[in-house]
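The next block holds one structure in the form of structure tokens; read it before the comments.
Naming: A, B, ... by sequence-line order, numbering from 1 per chain. Note that these values count all heavy atoms, side chains included, but never hydrogens, waters or copies made by symmetry.
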Amino acid sequence: MEERTRNLFKELLSSGSGKVGIAFIIALIIISLGVIIIYPPDFGLKYWSNPVLWADNPRAAPPAWTNLFSSYNQAETVIFETNIPTERIPGVSITKVLYTFNLNHKADEPPSFISMTVGNIKYNNRPPVLIVNIERPDGNKIELYRLIVPGPLPNEVTPFARFSETPFRIQLSGNHEVVSAVSNFLKQEFDVSISNQDLLLSGVDIAVFGTPQDDGKFDVLMGVYKIQVDAFLYNEDDSIGSVKFVAGGSVHGFMGTDTLGRDLSIGLLFGFPVALFIGLVASSITTVIGTSLGIISGYIGGKTDTSIQRAADIFTNIPLLPILIFLSFIVGPNLFIIILILIIFSWPGLTILIRSMVLQIRSGQLVESSITLGASRLRIMLRHIFPQTAPFVFAQMIFFTPSAILAEAALSFLGLGDPSLPTWGQILEYGFRNGGIYVGYWWWILPPGILIVITAMTFVLIALGMEPIINPRLKRGH
Amino acid sequence: MGAARLLAIKGVTLFGVLLVSLLLVIVVLGATGVSDRMMGSIVNEEVRELRQSLAITIRDPIELERVVLAEREQLVEFYGLDNPWYTRLPDMVWRILRLDLGSARTLKSFSGSTRVSDIVLERLPNTVILVTTALAISSVLGLYIGVKLATRVGTTLDRGVSYISAASYALPSWWVGIIFIMILSFQFHIFPFGGITSAPVPSGFLNRTFDIMWHATLPIITLTLASVGSWAYVVRTMVLNTAQEDFVTVARAKGLPENKIMNRHIIRVAAPPIVTNLVLGLTASFGGAILTETVFNWPGMGRLYYDAIFALDENVIVALTFIFTLLYVGARFILEVLYILLDPRVRY
Amino acid sequence: MKLLEVKNLKLYYQSTRGTVKAVDGISLDLAKSEALGIVGESGSGKTSLSLALMRVLPSNIDTNEGKVILDGKDITQLSEEEFRKEIRWNTISMVFQGAMNSLNPVLKVGHQIAEPMLLEKTVNKKEAYKKSEDLLEMVGLPKEIFNRYAHELSGGMKQRVMIASALILNPKLVILDEPTSALDVSIQAQIMNLLKRFKKELDISMIFITHDIALSSDLCDKLAVLYAGEIIEKGTAEQMFGKPKHPYTQLLLASIPGLKQDASPKFIPGAPPDLTSPPTGCRFHARCPYRFDPCDKKPPPAFKIEKDHLSRCWLNEGDKK
Amino acid sequence: MIRLEDVKMYFQSRKGLFKTVEIKAIDGVSVEIDKGKTLALVGESGSGKTTLGRLTLRLLKPTAGHVFFEDLNITDLEEVHLKSFRRRAQAIFQDPYSSIDPFMNVHQIVEEPLIIHRIGKKKERNEMVHKALEDVRLTPTQEFSNKYPHMLSGGQRQRVGIARALILKPEYIVTDEPVSMIDASSRAEILHLMKNLQDKYRITVLYITHDIATAKYFADRIAVMYNGRIVEIGPPEKVVKEPIHPYTIKLLAAVPEPDPSNRFKERGVVEGEPPNPADIQWGCRFESRCQLQKEDNCKSKQPTLVQIKPEHYVACFLKDKDKS
């Protein structure tokens with residue numbers, strides 16, 4: 001047996017497709033292990049499906065590297081986050097804490113939005129005040145926003161903690177206070193008057209990051225913007241946990257984002273272990289069941305054979321996808337149920353094939369000679385029949401793996417995926433349902449598909465590399 | 001005689017399959033309580049209608065409530081909702097076998113009917129057109145390519161196409177369809193995004209036919225691409241296997257020209273196993289149709305599935321599952337007949 | 001007049017273990033309406049020889065040298081198409097080893113017999129089928145067999161069908177490759193009687209390939225014994241059965257369990273050599289009970305014992321005339 | 001050693017939509033083999049000789065009749081109770097290619113019966129395997145032990161099969177056409193080997209063959225089977241030298257002898273194919289192919305074995321008359 005296994009791998013590695021397949025599968029396994037170690041176990045429900053976590057990302061943004069292929073430079077998301085103030089100016093009754101960020105804006109467009117998030121503020125008597133200022137490369141300074149931390153509630157005891165559970169996020173771009181501040185600024189500096197309403201519609205970002213032109217439009221002003229958050233604390237012991245400022249881009253990260261602002265690279269990475277899990281679990285269990293039933297059916301014969309064959313007949317004659325759709329619709333989307341159904345509907349194919357192999361083996365004299373030697377049924381099946389089917393069974397298992405992955409993907413694509421385990425199929429489905437293909441969100445549609453194809457292909461390549469072992473007649477033909 | 005017996009066995013088996021899958025569907029519906037919910041909604045609907053019609057004659061609201069309640073109880077009893085679900089089982093089987101599939105909750109047919117059978121039957125031809133055309137094209141193409149490859153075993157062409165065929169096994173057809181839309185429709189505007197006709201529908205029979213053909217092109221190509229690769233590969237393997245048989249050497253020694261050997265002695269013998277593979281490939285085609293219709297918004301039964309899932313319309317899903325099984329089983333039966341015609345050995 | 005002459009035929013195959021010298025310089029000749037027996041163990045190259053005559057060698061053939069002269073014409077020079085049209089079945093036909101797999105399972109038996117005849121434009125289907133039916137009767141099968149399929153026939157019936165098929169175009173030479181090896185003695189005897197009758201009545205030449213030297217006496221006028229890709233002895237039936245010269249031939253004859261003699265059959269110990277690296281000297285020396293000095297060093301030439309009788313053994317050096 | 005009493009073996013075969021046909025593979029056979037002796041069962045394929053061999057090994061359960069192994073009635077024993085019988089009765093099969101496991105090496109193949117019957121410790125088993133391989137002259141045994149079947153010739157494989165059968169020191173062996181797939185030049189070698197080992201270990205042998213000539217050398221008695229029945233039985237010198245049943249006579253005539261004059265005369269053969277065992281007629285089963293003068297009995301009654309000479313039994317009405 002060991003010798004045969006060794007030969008199998010030798011043969012596999014001697015073929016080009018086998019080599020590529022093996023290299024791919026090693027890569028897939030390494031990525032999956034990495035994901036399993038790094039990602040939280042409840043990634044799907046708690047992180048991926050939680051829109052709050054993704055709020056600071058631009059929506060439906062293509063990958064950042066698309067800038068390389070275009071003369072028009074799109075803004076990239078810039079995030080400043082700190083919990084240590086740049087400067088602390090103690091005063092008599094007021095302590096001023098400064099947070100300064102330098103935003104070097106080089107894109108041909110303004111940021112898609114700006115936002116600020118503060119977290120974990122503690123104070124003792126008077127609530128602190130935070131002021132957001134922005135100093136433009138042309139020297140102009142705008143006071144954008146003033147945040148007064150909510151005051152103490154009746155019966156609340158000091159120290160008062162605010163924004164400790166969930167940080168407080170202000171979308172500066174769409175804020176009325178910001179709009180009027182910018183409107184005033186335009187009036188004073190450039191003598192341009194735009195109503196608050198119009199400014200809200202066209203977006204304040206272009207006004208903050210641009211210079212008005214004669215035609216009523218703005219030119220993007222490139223250079224270093226100094227963003228300063230001044231916090232006024234009224235007690236020595238008051239503190240501010242963290243301050244975050246985001247200038248949203250219209251391109252994002254390596255893989256872009258979806259319409260919820262989710263970083264697709266994170267979701268796609270999570271798809272690796274899930275896909276491998278589906279493929280390998282479904283195929284190995286199917287193979288074990290299919291092979292044992294096939295051997296039993298072919299070897300024992302009689303009523304056992306008839307009943308197994310009838311069952312197999314029924315399951316092969318029911319079209320898989322409709323039943324899968326029906327069951328996951330009724331029972332609810334659950335990955336384990338999907339795998340279970342895949343197994344229930346897939347063993348018969350293998351059983352029928354193995355049975356015919358066993359019948360062929362039986363027609364030789366090996367089985368009869370073993371009976372004469374006094375070998376038990378179990379021994380004959382395990383020691384003599386199974387080894388003869390083994391390479392074929394192994395190949396079938398590898399060949400079935402991609403079908404299981406593809407079946408899950410298809411089901412997810414129809415909206416019946418398990419939301420607790422985001423898969424490539426689900427990402428694709430979300431993209432499709434949100435009209436991704438009609439508006440050209442290629443970075444959303446292509447990568448999950450490509451990953452599905454690559455994973456499936458890995459197993460197909462290995463199966464191809466094994467073909468000469470399974471079908472020596474074809475080898476002879478060359 | 002042998003053939004008749006075989007066909008009879010196959011027919012009985014397939015009918016059994018149909019029954020079993022139907023039972024499976026009903027048991028799952030009953031055991032999960034969905035069945036009660038579905039029946040309940042039917043009762044509610046009838047009660048609502050009743051209340052409306054009674055409201056005209058009975059003015060007193062308390063009296064109306066009382067009458068409605070009594071009617072409701074009668075209805076519950078009529079549908080057997082007061083008994084556990086399994087007591088209704090035979091009735092349900094009989095109902096569905098008669099294609100009495102109930103009413104849809106929200107979906108409507110193009111003509112406005114809410115009867116599930118109307119909705120499904122309206123879409124059935126659209127699906128059949130798509131699947132049969134694609135199946136015909138891919139089997140002819142697969143046969144042609146497969147045989148060509150088998151005669152050129154070991155050449156670069158053979159190896160190249162073999163690898164591509166194998167690779168196509170890993171390609172989800174629906175994703176390919178999406179890529180088609182993105183490139184050919186979104187980028188180059190050669191084909192429509194989906195649907196079966198343009199809006200407004202062109203007038204004149206010829207124009208309309210061309211319009212439908214134009215809309216069907218991409219879905220058909222998608223479905224064909226999904227199966228033609230594995231097809232060609234299967235044909236190649238079968239042909240190669242048969243070509244190794246002794247009787248092929250005998251035929252060559254007899255002085256038969258190569259094309260005769262290929263047609264009469266190899267393909268003819270390899271045909272039955274190829275048909276078997278066609279049968280196995282049918283499931284894939286059906287699944288492929290559901291997904292492809294979804295992608296291309298093709299108003300067939302597959303797209304109806306997708307719509308029903310989002311409309312949470314159980315009745316439609318049950319009906320579709322049944323009809324798909326029916327179609328599949330029917331198609332398999334036709335192929336079984338073909339197999340028996342092709343292989344004299346099974347006639348015994 | 002010689003019908004067929006094979007001169008120094010060499011057939012080497014490429015295999016994973018190296019070059020297999022299946023046939024290594026064989027020369028044969030055959031007169032009209034004569035039957036030549038080629039006797040050898042499995043792996044001695046006898047089947048390769050027959051496939052080479054029909055030019056249906058497997059694709060891993062590496063070397064194919066030598067001349068095959070049929071009716072004075074070197075047929076190795078013919079193009080594939082000419083060979084197919086002029087030689088195959090028209091002039092040389094063959095009954096293959098393993099009748100079980102020689103028939104196409106999905107075509108009617110009668111059609112398969114008639115098939116080569118249908119290729120000719122001058123023949124219509126009716127004539128060809130008629131001839132096919134006649135042949136079926138000739139080989140002792142009822143006409144109804146015409147419409148049967150291979151799986152409905154017994155081994156003996158299939159072999160008769162194959163013989164009928166070989167005769168459809170009235171060939172000059174029929175090669176019979178182990179036509180009875182999978183059959184019972186009684187069916188085997190029936191087939192041999194049939195072949196004997198055809199040889200006499202139809203006046204055709206035959207090459208009868210077998211591993212059973214006793215069986216070859218049933219049909220053959222001349223005998224060639226093949227060992228490890230070489231002919232080690234050949235001669236007329238009388239010479240070969242009467243006074244075999246080569247120890248291998250003698251041992252082969254002694255290994256037959258006859259009904260008449262009482263001595264129990266002998267056997268040749270050991271196995272034939274590996275043809276990827278044939279032994280030096282005489283190829284049989286390792287199994288030969290009489291081997292002496294030159295045997296394992298120098299390959300013996302074919303010594304002429306008397307007219308038509310050649311033997312490749314150093315023992316026969318003195319018998320040379 | 002082994003005794004069959006009026007054994008019948010019918011198989012059911014489906015024909016048409018509902019009809020089933022009974023195939024009478026063995027139809028009333030009584031025969032016994034004495035300890036240490038060899039009975040050769042001769043007949044053409046389909047005569048039921050292989051089925052009979054399998055019945056004596058209880059690979060098949062007879063439809064009727066009894067099979068005794070020594071005094072043990074094995075006819076209705078369950079497989080679990082057959083274990084000791086399986087150890088004492090062995091078989092050597094026709095096809096040395098399909099009867100041994102291609103994925104085991106020679107050592108594993110020969111050792112397997114010992115493992116199945118839990119005989120000996122590893123070291124003792126190795127010793128026994130070594131001895132068994134020596135017995136069948138697969139020497140040097142060390143070299144052959146590690147070889148896989150595909151590295152062996154047909155003759156060598158068959159010797160592996162013999163070693164495997166003999167390692168359990170069986171008392172009874174069925175050999176079904178053990179040499180028909182082996183080259184003519186090595187057949188005698190295998191047969192001699194089996195004969196020697198049989199004498200050495202005093203084994204009872206059922207030798208099944210279609211070749212009456214080999215039976216002549218290696219059997220103590222020859223039974224000629226035709227269509228599920230024994231038609232003639234007796235010692236070789238009687239059956240071969242003075243055959244009585246017309247079928248035996250024809251069978252003997254069919255054996256090829258190396259004689260250059262053969263080619264000038266046709267052999268006397270039984271014409272036609274054996275009748276389909278599914279539609280057996282009432283009378284003598286050989287009636288349809290018999291070239292002798294027939295009498296009414298032949299068509300209507302089945303002849304039974306009748307002793308014609310000492311130890312020589314024949315089932316033929318015509319010959320009964322000769323005797324009287």
Side-chain angles (χ1 to χ4, degrees), chain C residues 35 39-44 140 154-157 182-190 192-194 196-197 199-200 210-221 223 236-242 248 251-262 264-272, chain D residues 42-47 137 152-156 179-193 195 209-218 236-237 240-241 247 250-274 276 289:
Chain C
V39 180
E41 291 174 86
S42 56
S44 60
S154 72
M157 289 158 104
L183 305 173
D184 279 335
V185 240
S186 43
I187 307 287
Q188 178 181 310
Q190 290 177 11
M192 291 314 287
N193 279 349
L194 193 70
K196 238 178 260 186
R197 215 174 301 150
K199 191 189 149 214
K200 206 158 61 191
T210 182
H211 68 119
D212 187 345
I213 195 167
L215 197 62
S216 70
S217 73
D218 253 354
L219 193 67
C220 303
D221 307 303
L223 223 61
T236 61
E238 283 73 14
Q239 289 165 343
M240 296 293 281
F241 291 112
Y248 180 66
L251 285 166
L252 269 186
L253 282 167
S255 73
I256 300 154
L259 290 173
K260 287 173 193 150
Q261 73 270 31
D262 283 322
S264 82
K266 302 265 189 313
F267 58 88
I268 311 171
Chain D
V42 183
E44 55 197 326
S45 55
S47 62
R137 295 195 211 115
L152 304 177
S153 72
Q156 288 170 334
V179 294
S180 74
M181 292 181 80
I182 293 170
D183 266 315
S185 61
S186 321
R187 280 181 185 173
E189 185 178 12
I190 298 288
L191 290 171
H192 277 297
L193 186 73
K195 186 81 197 156
T209 182
H210 67 253
D211 183 2
I212 200 167
T214 56
K216 176 193 152 202
Y217 291 103
F218 298 101
E237 60 273 15
V240 174
K241 295 266 163 67
Y247 178 66
K250 293 290 181 184
L251 205 57
L252 284 163
V255 175
E257 300 261 354
D259 181 346
S261 65
N262 280 347
R263 65 185 196 271
F264 302 117
K265 53 181 190 275
E266 286 195 15
R267 294 232 205 105
V269 294
V270 200
E271 281 306 329
E273 302 258 334
N276 186 350
R289 292 165 87 189

task = In plain terms, say whether C/Glu238 and D/Arg263 are close enough for a salt bridge, that is, a side-chain N and a carboxylate O under 4.0 Å apart.
result = yes
ask   = Under a 4.0 Å N-O cut-off, is there an ion pair linking C/Lys196 with D/Glu266?
value = no
message = Is it the case that atom NZ in C/Lys200 sees more than 12 heavy atoms from other parts of the structure closer than 6.0 Å?
response = no
ask   = Is it the case that more than 12 heavy atoms not belonging to D/Lys195 sit under 6.0 Å from its NZ atom?
value = yes
key: Test item: C/Gln188 and D/Pro256 side chains (from C-beta on) under 4.5 Å apart, heavy atoms   = yes
note = So, the part of D/Lys250 with a heavy atom under 4.5 Å from chain C: the answer is neither
task = Name the region of D/Leu252, side chain, backbone, both or neither, that has any atom closer than 4.5 Å to a heavy atom of chain C.
result = both
task = Give the member of C/Leu252, C/Asp221, C/Ile187 that has the highest number of heavy-atom pairs under 4.5 Å with chain D.
result = C/Asp221
request  = Name the member of C/Ala214, C/Ser154, C/Gly140 that forms the most heavy-atom pairs with chain D at distances under 4.5 Å.
outcome  = C/Ala214
message = Can you give me the closest heavy-atom contact between C/Ser264 and D/Tyr217, atom names plus distance?
response = CA-CE2, 3.5 Å
inquiry  = Ignoring hydrogens, what is the shortest heavy-atom contact between D/Val255 and C/Val185? Give both atom names and the distance.
reply    = CA-CG1, 4.3 Å
request  = Quick one: pull up OG1 in D/Thr214 and CD1 in C/Ile256 and give me the separation to the nearest 0.5 Å.
outcome  = 13.0 Å
Point-to-point distance, once rounded to the nearest 0.5 Å, from CZ of C/Phe267 to CD1 of D/Ile182 = 12.5 Å
Heavy-atom distances under 4.5 Å only: say whether [X] touches chain D with side chain, backbone, both or neither.
{"X": "C/Leu183", "answer": "backbone"}
{"X": "C/Leu219", "answer": "backbone"}
{"X": "C/Met157", "answer": "both"}

inquiry  = Using a 4.5 angstrom heavy-atom cutoff, name the option from D/Ser153, D/Ser261, D/Ala213, D/Pro236 with the most pairs to chain C.
reply    = D/Ala213
ask   = Top residue by heavy-atom pair count (under 4.5 Å) with chain C, among D/Gly155, D/Pro258, D/Ala254, D/Ser186?
value = D/Pro258
message = Under a 3.5 Å distance rule, please check whether D/His192 uses its side chain to pair with a backbone N or O of C/Pro265 as donor and acceptor.
response = yes
request  = Kindly say whether D/Glu257 contributes a backbone atom to a donor-acceptor pair with the side chain of C/Ser217 at under 3.5 angstrom?
outcome  = yes
